[in-house]
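Small disclaimer: the values here were computed from a predicted structure and weren't measured.
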There are 2 protein chains.
Amino acid sequence: MANRALSEALRQIPTRVSVQPSAAERVADVLREQIVNGALRSGTRLTEETIGAALGFSRNTIREAFALLIAERLAAREPNRGVFVATPTASDIRDLYATRRLIEPAALEHGIGFSHAAVARLREVVDAAHACREHEDTAGVAQGNQEFHRTVARLAESRRVDQLMEGVLAEMRLVFHLMGDDPGFHVPYLDRNEAIIRDLEAGDRAGAAAALRAYLSDAEEHLLGALHHP
Amino acid sequence: MANRALSEALRQIPTRVSVQPSAAERVADVLREQIVNGALRSGTRLTEETIGAALGFSRNTIREAFALLIAERLAAREPNRGVFVATPTASDIRDLYATRRLIEPAALEHGIGFSHAAVARLREVVDAAHACREHEDTAGVAQGNQEFHRTVARLAESRRVDQLMEGVLAEMRLVFHLMGDDPGFHVPYLDRNEAIIRDLEAGDRAGAAAALRAYLSDAEEHLLGALHHP
DNA sequence: GAGCTCATATTGTTCAACAATCCTGCAATA
DNA sequence: TATTGCAGGATTGTTGAACAATATGAGCTC
């Protein structure tokens, strides 16, 4: 009986973690990176044969990898027609921002990971993005903005929320590619991040959360406007 | 050029929705239901051969279905050993509650779907659960509690948050099965739901959100205590 | 009881096959 | 010229066989 309890307790320790990704996971990793960095654009058709030949895996493995990307909304399967890199719609953009407006301000105001160190980390992230702006490095600014939001969400100290947020940020990359990677969607928001970090440094979590809600609504409106009037 | 814009606009309309689930999705649906309703218990090994023979699909299709369940955390793959129905650990329970504490109060306090009608719907859900308690229908109470929390999260009007919440609620089912489906984890929480709906009916969204945070922390502590001292 | 060997079960992945579906190009017709 | 119909080709969705690799369990010896 004692052996039973011990055996059961040990059973719950993830001693056999999947540290070695499966072939399908590896394929999905490669494709995800190509999608997120813009090499594979929205609407691009991913054929099992072509991808399988290029990456050196069988069709079954490719199908499994596709299923993973589809679950992450980075690709979409049209039955009998194929799998395509996802093309975010206005509805997607609205939902992405509804999601962000729920999560980010809540993490900022109530996240249990909030501390002076966390605020200092956010300050670093904002300062690094400022430096990229000085160097006219738009991609760096964009990356810094995403890191700011990722860091905010991580204040919740929830792996499940972190995973959702990674998916949201990946999809946001698709949205920005769709907008032609226009600096106008990244550079001006630095000042909004700066205002939020100032509130935090002044100890005003509620104010920061409210400012972030307003920021996200403005950003959404900006993107939707550009989608309708390109 | 006008044809091009029209073609592109039509392309964004999901005319080819995957209304017909694939074989793998169908298999995953069947297994998910069995896992959530407790027929397939935590730790149960799911062998490709056995499941494939039972449901009448090939091993490749079964593997795809497993991948979907694994992504939902309802199953876990141990390389070279097989796939098992997930067994939530204390760490999982903590993360589930961290996730819920972030999402549910935020949806309650800031969700754009909040309205008199929404409050009335929550009242219905609570009343239905009360009726189940009168009939000593523990499963009905448990289901009513979950419906309460699902309805709360839906106030965010975010498909991505809804999906996360469905996953969380499914995992919570696993947790409750692990606890022997003890009524003590369901029935007493009805009164907590009642208190929250009272705050909402009185127009006190912030108070309801704070009460929900406290409720979730208490529930977490209750479950963790039972896990360590069964 | 501990350690070793061998057989078996199962997994991870590939490949071939076939039915079904969709798309494209070409010919015929109005 | 524009439209329609059809055939062929490309691709998908799924199955089943095959093989290498890995883990587990049983049996045997010390």
Side-chain angles (χ1 to χ4, degrees), chain A residues 2-4 6-8 10-11 13-31 40 43-71 74-86, chain B residues 2-4 6-8 10-11 13-31 40 43-71 74-86:
Chain A
N3 270 345
R4 177 100 179 261
L6 177 65
S7 168
E8 187 60 32
L10 290 177
R11 180 79 181 74
I13 300 178
T15 52
R16 295 184 187 266
V17 179
S18 294
V19 292
Q20 173 69 16
S22 66
E25 285 166 340
R26 278 181 276 132
V27 171
D29 287 344
V30 170
L31 292 176
L40 285 176
T44 303
R45 188 172 175 194
L46 308 175
T47 68
E48 300 167 0
E49 173 65 41
T50 305
I51 303 287
L55 300 184
F57 290 90
S58 76
R59 273 185 62 209
N60 285 113
T61 300
I62 299 298
R63 290 182 64 82
E64 273 190 53
F66 283 171
L68 294 176
L69 293 169
I70 289 159
L74 296 181
R77 186 185 296 272
E78 297 179 17
N80 295 309
R81 299 187 66 239
V83 170
F84 299 80
V85 176
Chain B
N3 271 346
R4 178 104 178 258
L6 177 64
S7 168
E8 187 59 30
L10 290 176
R11 178 80 179 79
I13 300 178
T15 52
R16 296 185 186 268
V17 180
S18 295
V19 292
Q20 173 68 18
S22 67
E25 284 165 341
R26 279 181 276 132
V27 170
D29 287 344
V30 169
L31 293 176
L40 285 175
T44 303
R45 189 174 176 193
L46 308 174
T47 68
E48 299 167 0
E49 173 65 42
T50 305
I51 302 287
L55 300 183
F57 290 91
S58 78
R59 274 186 63 211
N60 286 118
T61 300
I62 299 298
R63 291 184 64 83
E64 275 191 49
F66 284 171
L68 294 175
L69 293 168
I70 289 158
L74 296 180
R77 187 184 294 273
E78 297 179 17
N80 295 311
R81 300 185 68 239
V83 170
F84 300 81
V85 176

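Taking every heavy atom of both residues into account, B/Ala65 and B/Val27 meet most closely at CB-CG1, 3.4 Å. In this structure, B/Ala24 and B/Leu68 approach most closely via the heavy-atom pair O-CD1, 4.2 Å. A/Val85 approaches A/Leu40 most closely through the heavy-atom pair CG1-O, 3.8 Å.
Here A/Ile51 contributes atom CD1 and A/Leu46 contributes atom CG; the two are 5.0 Å apart, rounded to the nearest 0.5 Å. Taking CZ from B/Arg63 and CG from A/Asn60, the interatomic distance works out to 9.5 Å, rounded to the nearest 0.5 Å.
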Would you list the atom pairs, donor with acceptor, under 3.5 Å between side chains in residues 52-59 of chain A and any protein atom, with sequence neighbours excluded?
from, atom 1, to, atom 2, distance (Å)
A/Ser58, OG, A/Thr61, OG1, 3.4
A/Arg59, NE, A/Glu48, OE1, 2.8
A/Arg59, NH2, A/Glu48, OE1, 2.9

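Between A/Arg45 and A/Thr47, some side-chain heavy-atom pair lies under the 4.5 Å cut-off.
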Please enumerate all protein N or O atoms sitting under 3.5 Å from an N or O of nucleotides 6-8 of chain D, with distances to 0.1 Å.
none

Using a cutoff of under 3.5 Å, can you pull out all pairs of nitrogen or oxygen atoms linking the protein to nucleotides 18-21 of chain C, with atom names and distances?
none

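For A/Asn80, there are no side-chain hydrogen bond (donor to acceptor under 3.5 Å, both in side chains) partners, not counting sequence neighbours.
Contacts between residues 60-70 of chain A and DNA chain D, defined by a heavy-atom separation below 4.0 Å, involve A/Asn60, A/Arg63, listed by number. Using a 4.0 Å cut-off on heavy atoms, the residues of residues 44-57 of chain B that approach DNA chain D are B/Gly56, B/Phe57, listed by number.
Straight-line distance from the CD atom of A/Glu78 to the C1' atom of D/dG13: 15 Å, rounded to whole Å.
The phosphate of D/dG13 has OP1 or OP2 within less than 4.0 Å of a side-chain N or O from A/Arg77.
Although no hydrogens or angles enter the test, the distance criterion places no donor-acceptor pair under 3.5 Å between the side chain of A/Arg77 and the main chain of A/Phe66.
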